[in-house]
Amino acid sequence: MIQGLAVVKKSERLADGIYSIWLDTEIAKTAMPGQFVMVNTHSDAHLLGRPISISDIRKEAGQIRLVFRVVGYGSRELSEAKVGDSFELMGPMGNGFPVDKLSPETKVLLMGGGIGAPPLLGLANKLKKYGVEQVSAVLGYRGETGGLFLAEDFKKFANVYIATDDGSSGTHGTVVDAVRENDIQADIIFACGPMPMLSAIKKLAAEKGISAYISLEERMACGVGACLGCVVKTKKVDGHSHVNNSRICTEGPVFEAEEVEI
Amino acid sequence: MIQGLAVVKKSERLADGIYSIWLDTEIAKTAMPGQFVMVNTHSDAHLLGRPISISDIRKEAGQIRLVFRVVGYGSRELSEAKVGDSFELMGPMGNGFPVDKLSPETKVLLMGGGIGAPPLLGLANKLKKYGVEQVSAVLGYRGETGGLFLAEDFKKFANVYIATDDGSSGTHGTVVDAVRENDIQADIIFACGPMPMLSAIKKLAAEKGISAYISLEERMACGVGACLGCVVKTKKVDGHSHVNNSRICTEGPVFEAEEVEI
Amino acid sequence: MNTQVEICGVKFKNPVMDASGTFGSGIEYSEMVDLNRLGAIVTKGVANVPWEGNPTPRVTETPSGMMNAIGLQNPGIDVFVERDLKFLENYDTNVIVNVCGRSIEDYVEVVERLGDEKKVSMLEINVSCPNVKHGGIAFGTDPHALEEITKAVKAKAKQPVIMKLSPNVTSIPDMAKAAEAAGADAISLINTLTAMKIDIYRKKFVLANKTGGLSGPAIRPVAVRMVYEASHAVKIPVIGMGGIATAEDAIEFLMAGATAVAVGMYNFHRSSAMIDCIEGIEKFMKQTGIQDIKEIIGCVV
Amino acid sequence: MNTQVEICGVKFKNPVMDASGTFGSGIEYSEMVDLNRLGAIVTKGVANVPWEGNPTPRVTETPSGMMNAIGLQNPGIDVFVERDLKFLENYDTNVIVNVCGRSIEDYVEVVERLGDEKKVSMLEINVSCPNVKHGGIAFGTDPHALEEITKAVKAKAKQPVIMKLSPNVTSIPDMAKAAEAAGADAISLINTLTAMKIDIYRKKFVLANKTGGLSGPAIRPVAVRMVYEASHAVKIPVIGMGGIATAEDAIEFLMAGATAVAVGMYNFHRSSAMIDCIEGIEKFMKQTGIQDIKEIIGCVV
Ligand SMILES: Cc1cc2nc3c(=O)[nH]c(=O)nc-3n(C[C@H](O)[C@H](O)[C@H](O)COP(=O)(O)OP(=O)(O)OC[C@H]3O[C@@H](n4cnc5c(N)ncnc54)[C@H](O)[C@@H]3O)c2cc1C
Ligand SMILES: Cc1cc2nc3c(=O)[nH]c(=O)nc-3n(C[C@H](O)[C@H](O)[C@H](O)COP(=O)(O)OP(=O)(O)OC[C@H]3O[C@@H](n4cnc5c(N)ncnc54)[C@H](O)[C@@H]3O)c2cc1C
Ligand SMILES: Cc1cc2nc3c(=O)[nH]c(=O)nc-3n(C[C@H](O)[C@H](O)[C@H](O)COP(=O)(O)O)c2cc1C
Ligand SMILES: Cc1cc2nc3c(=O)[nH]c(=O)nc-3n(C[C@H](O)[C@H](O)[C@H](O)COP(=O)(O)O)c2cc1C
Ligand code: FES
Ligand code: FES
């Protein structure tokens, strides 16, 4: 893990309030899909790093991609970044998605809701390289107002299904509705998105008896496991904390759904 | 007085750590030499306006010039300003130099030390327009390391004498030394610079029996006379405050030397 | 949509006013701010006689805030009544006069002097002055001293009395209860947090007074906590302040339990701060479908 | 040039350490920070048994600072000794163990357990815990309770004892004196200021615990004042903290009277914060011709 300046190489608007930037950073060397970085703002009044998932990685070029929604000060600053600007980054952080257990035969289902989709893109990319062939991706969006950002990119790596809140594209409903509607089969689910969606996926996975790995979010201060700010309640006593709380930034952000109380 | 955005029209480095910028602002309409503006930084962590004297005014073009030394956060930000950038400004503030009392025959002596010189440039410019003909300017500088910034500009309006701390140009010593060395005659002095210089000028003026108007500095919060942060001890009870304290931002920054306890 | 609030029978067109000492008597900002739009104007602290205040430097910047040690310079009550109060008579807004003193008698003298001034809607008693009687302990940090001064002021005051509390205490609820028990009609808080800054290059205190009061957004989270605690400890209304910069901040204080709010040092940063708050509150109410501002006062518990 | 300081017989290669709870046990940052360079490592608070801490959200940003309500989650003293202390044995730096508890007995149990641990240089007793005995009043805000716990801990401690004071009090000198009178070997301050933040759109407290502790540059001026007051009230050494970000800040605390300083939340912002302080202090000493760091300790009065 390192902390240092990363230089903006490309910056684009993907949809209303959704931006993508590629950054030059040494973090790319060791980064894995599902990990994240903490991005510092340039303001002395906003001192906590902003956790943003690594959406894609170009190891050789030494670049990572961040895709994010503008919600407040830090993400707005990042959205205004111009090529050549630099941001202080710490990372890579967290465990990432457990891809080692996969074999070429594994049926993988990626489920991403809104700004939860981007982190799965890097994973989809990597699955391809690993030789995993049966990859479905169910992407949930608000609908007309938000755009189907990155959906096209996923098509390179997966059978893509869409769910929208307003029914303007694909299934009218949630990503879980889309799985049922299309009767999508899977051995393993990787998911990222808002908490209600992750809860629903946890239920779906339990019901279908398949394992699901979900990426969680929580307010973070350090990102390295030092402050104990970002915990999630766990079924078993956590090996590090010795209580039923795991640090999302360190033991996560990706957890097996049945292990966490959400 | 107004508060609003001012757009940078020109930005240049005059000497080591000394910068000049021209700003488009409505403040130009009513600004007078010796008045100042409060410049807000762009940072939420640095909330007090920075008082900077109006060095020069182009009323018709709606522009004012600020010349400043980089000493901390705000002045650094200002020094990095690019054409087209905007800064929040409040002004014009303060009384300005009392030019109304001058007649074409008045022998005027301008005394500026370091970053105290710039505010006198706008005054020199105005004196010319008023028809005042006998204008001397004594400008004090550190010497070789700092450069003789703006000295050339003053030559358009005044007989210029230089004093430097290191003796690299003009009189080796203070501006007061230069006045004595060159036996400069004057009916009225306008001065701006560091406190020890102003004290020396007060003495000089008393000794020579000429009136001296000096521009004072103090830490400011509001700049409009509301906070009572920026007072100077006065000989007489101040008409506004009813104690022996005058507000530099409102009753000043220009005071008759013998009226203030410095 | 109703943004009007009432405190001790006094109606405010909206709950936004300035914090004493950050807006002069309104005169100073009147060129830039339409005083008629404010819920009230709270004046700079005024004593029975003129005060010189502290030596300079009196103000300095701190991260997301500032420190001041003005030392309550003021022209005294006579000049205040003749000049400042007369000026304020031209405006359609409440006037709250902030009162300071070195002894109980000083305070009472000012309060009595203002008794017949029709333009004065309320009195705000600043009990966090430095250098007051009681062996150096400010009235604002000892519940018994606070009760004593509150009673003395209340005995003579003709207008409703707001006691302004200091945040430099172990228990805000105890202080709020003491003020209420002694008859205060309302309380306001917070005054500044006692603070210090050192210039390491000059090896000197930045402020001539050594210590100064910290204010601004930096202290807002402390102020919100104290306003919440105070408004849950007493039944009298609370005026909340401390670091308010935007309408969101003002609403935060209202939700914490304040009936009205005051904007302090942020006026220095942006002269339109109070107007921005007033307009922002209206916008928030419209967007979230709130008919009456009273719906949000104390709504978070 | 000497940057070494001594506190209660313990030598520190420089006066810079982390503030408890902001640096884990050092392990977490060891990939990025050379722990050997630090004056000391102060561990996260540890209790006699594992604690779960508070529900989330536990942290949030504030202007130039942050709030936390971790609730002292910790794995308990047994795991701490086996794992964290063992890890720290690999490093050439002092280890100060921060101790928390719900009752005096809890604290004493931890202190006794650590008595024979050679790697533990000092104990820091955190008496600003929420939810402790004494009818909800933290040991940290009542001088008598503070004396009581200090005596109990001192009676059993084999290492020097630092009492860590809360800033949420009317009089810091009274608390410092109480700790000294009861036998504390040193004091450290400040812990966090109790604060609150409300999400006005969700009409809820931002932190699940309602209140949280405010820290960071925002509170630095308050911390400097308290360190100054404390170090002039007692003869025992003071460790200063609260909003330190740069070497300038660290020097400010030293000049105010602290013998050593701790960097807290700023470690989160920049992992090199402590190293930057150490190097910056050396640079400052060189530039201003100071031979021994002791020359600047308490030099501003
Ligand atoms: C592991 C992880 C990965 C994430 N990946 C992405 C991503 O790839 N793209 C994306 O758009 N968003 C992502 N988020 C959410 C992202 O962190 C927030 O949207 C962002 O921090 C908001 O910062 P801000 O300054 O714009 O908002 P502000 O509201 O100004 O932020 C104030 C504070 O709250 C924190 N905060 C606000 N929202 C969140 C949130 N949802 N989760 C955690 N902290 C929050 C900020 O970090 C900051 O400390 C991720 C969060 C986590 C925990
Ligand atoms: C009426 C007046 C006119 C001035 N005109 C000029 C000018 O034309 N050119 C110029 O270079 N400087 C001028 N100064 C000084 C200028 O205000 C400071 O250099 C500037 O505020 C420093 O800000 P900073 O953010 O760079 O420094 P920082 O040290 O980061 O500032 C911190 C705080 O201290 C205040 N401060 C620091 N130095 C001074 C100072 N000398 N006087 C008042 N406040 C100070 C800042 O305004 C700010 O609030 C003037 C000051 C006054 C009072
Ligand atoms: C420059 C200045 C002067 C002040 N003068 C007074 C005063 O005269 N009387 C008073 O009760 N409070 C005074 N205060 C305190 C403010 O009214 C307010 O309580 C405090 O600053 C917190 O609000 P803020 O953070 O919005 O500034 C003063 C504050 C400042 C910054
Ligand atoms: C996330 C976090 C956790 C903390 N945990 C502890 C703790 O366990 N024990 C303790 O005594 N202080 C704890 N503190 C307080 C700090 O040690 C320090 O006193 C305070 O944060 C002020 O310093 P700062 O402003 O530099 O952060 C904690 C602070 C933070 C921000
Ligand atoms: S953010 Fe600090 S432990 Fe996870
Ligand atoms: S700066 Fe406020 S009165 Fe002058």
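Residue numbers start from 1 in every chain, and the chains themselves are labelled A, B, ... in the order their sequence lines are given, proteins ahead of strands.
With respect to chain B, the highest number of heavy-atom pairs below 4.5 Å among Met32(C), Glu61(C), Met265(C), Glu31(C) belongs to Glu61(C).
Note: Ile262(B) CD1 to Met195(B) CE = 5.5 Å, rounded to the nearest 0.5 Å. If you take CG on Leu35(C) and CZ on Phe87(C), they are separated by 5.5 Å, rounding to the nearest 0.5 Å. With values rounded to the nearest 0.5 angstrom, Asp16(B) atom CG is found 8.0 Å from Tyr19(B) atom OH. Atom CD1 of Ile251(C) and atom CD1 of Ile244(C) lie 10.5 Å apart (nearest 0.5 Å). Note: Lys202(B) NZ to Glu258(B) CD = 8.0 Å, rounded to the nearest 0.5 Å. Note: Thr194(C) OG1 to Leu214(C) CG = 9.5 Å, rounded to the nearest 0.5 Å.
At least one side-chain heavy atom of Lys44(C) sits less than 4.5 Å from a side-chain heavy atom of Ile70(C).
By the 6.0 Å contact criterion, CD on Glu144(B) is open, its count of non-hydrogen atoms from other residues, nucleotides or ligands being 12 or less. Heavy-atom contacts from other residues, nucleotides or ligands closer than 6.0 Å to CZ of Arg142(B) number 12 or fewer. Atom NZ of Lys203(B) has 12 or fewer neighbouring heavy atoms from other residues, nucleotides or ligands inside a 6.0 Å radius.
Contacts between Gln3(B) and chain C at a heavy-atom distance below 4.5 Å involve backbone atoms as well as side-chain atoms. The contact between Thr60(C) and chain B is made entirely by backbone atoms, counting heavy-atom distances below 4.5 Å. Of the atoms belonging to Thr62(C), it is backbone heavy atoms, and not side-chain ones, that fall under 4.5 Å from chain B.
Under 3.5 Å, the side chains of Ser20(C) and Glu124(C) contain no donor-acceptor pair of N or O atoms. Under 3.5 Å, the side chains of Asp18(C) and Thr22(C) contain no donor-acceptor pair of N or O atoms.
Remark: Cys227(B) engages Ala221(B), Cys222(B), Phe268(C) in a side chain to side chain contact (heavy atoms under 4.5 Å, CB included) (not counting sequence neighbours).
Among residues 236-254 of chain B, the residues having any heavy atom closer than 4.5 Å to a heavy atom of chain C are, in sequence order, Gly239(B), His240(B), Ser241(B), His242(B), Val243(B), Asn244(B), Asn245(B), Arg247(B). Heavy-atom proximity under 4.5 angstrom to chain C picks out Glu88(B), Met90(B) from residues 79-94 of chain B. Interface with chain C: from residues 21-57 of chain B, residues Asn40(B), Asp44(B), Ala45(B), His46(B), Leu47(B), Leu48(B), Arg50(B) qualify, criterion being any non-hydrogen pair under 4.5 Å.
Nearest heavy atom pair, residue Val261(C) against residue Phe253(C), reads CG1-CB, 3.6 Å.
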- Task: Kindly indicate, with the supporting measurements, whether the criterion salt bridge (charged side-chain N to carboxylate O under 4.0 Å, His left out) is fulfilled by Asp276(C) and Arg270(C).
- Result: CA-CA 9 Å; Asp276(C) 295 347; Arg270(C) 186 158 293 127; 5.2 Å; no
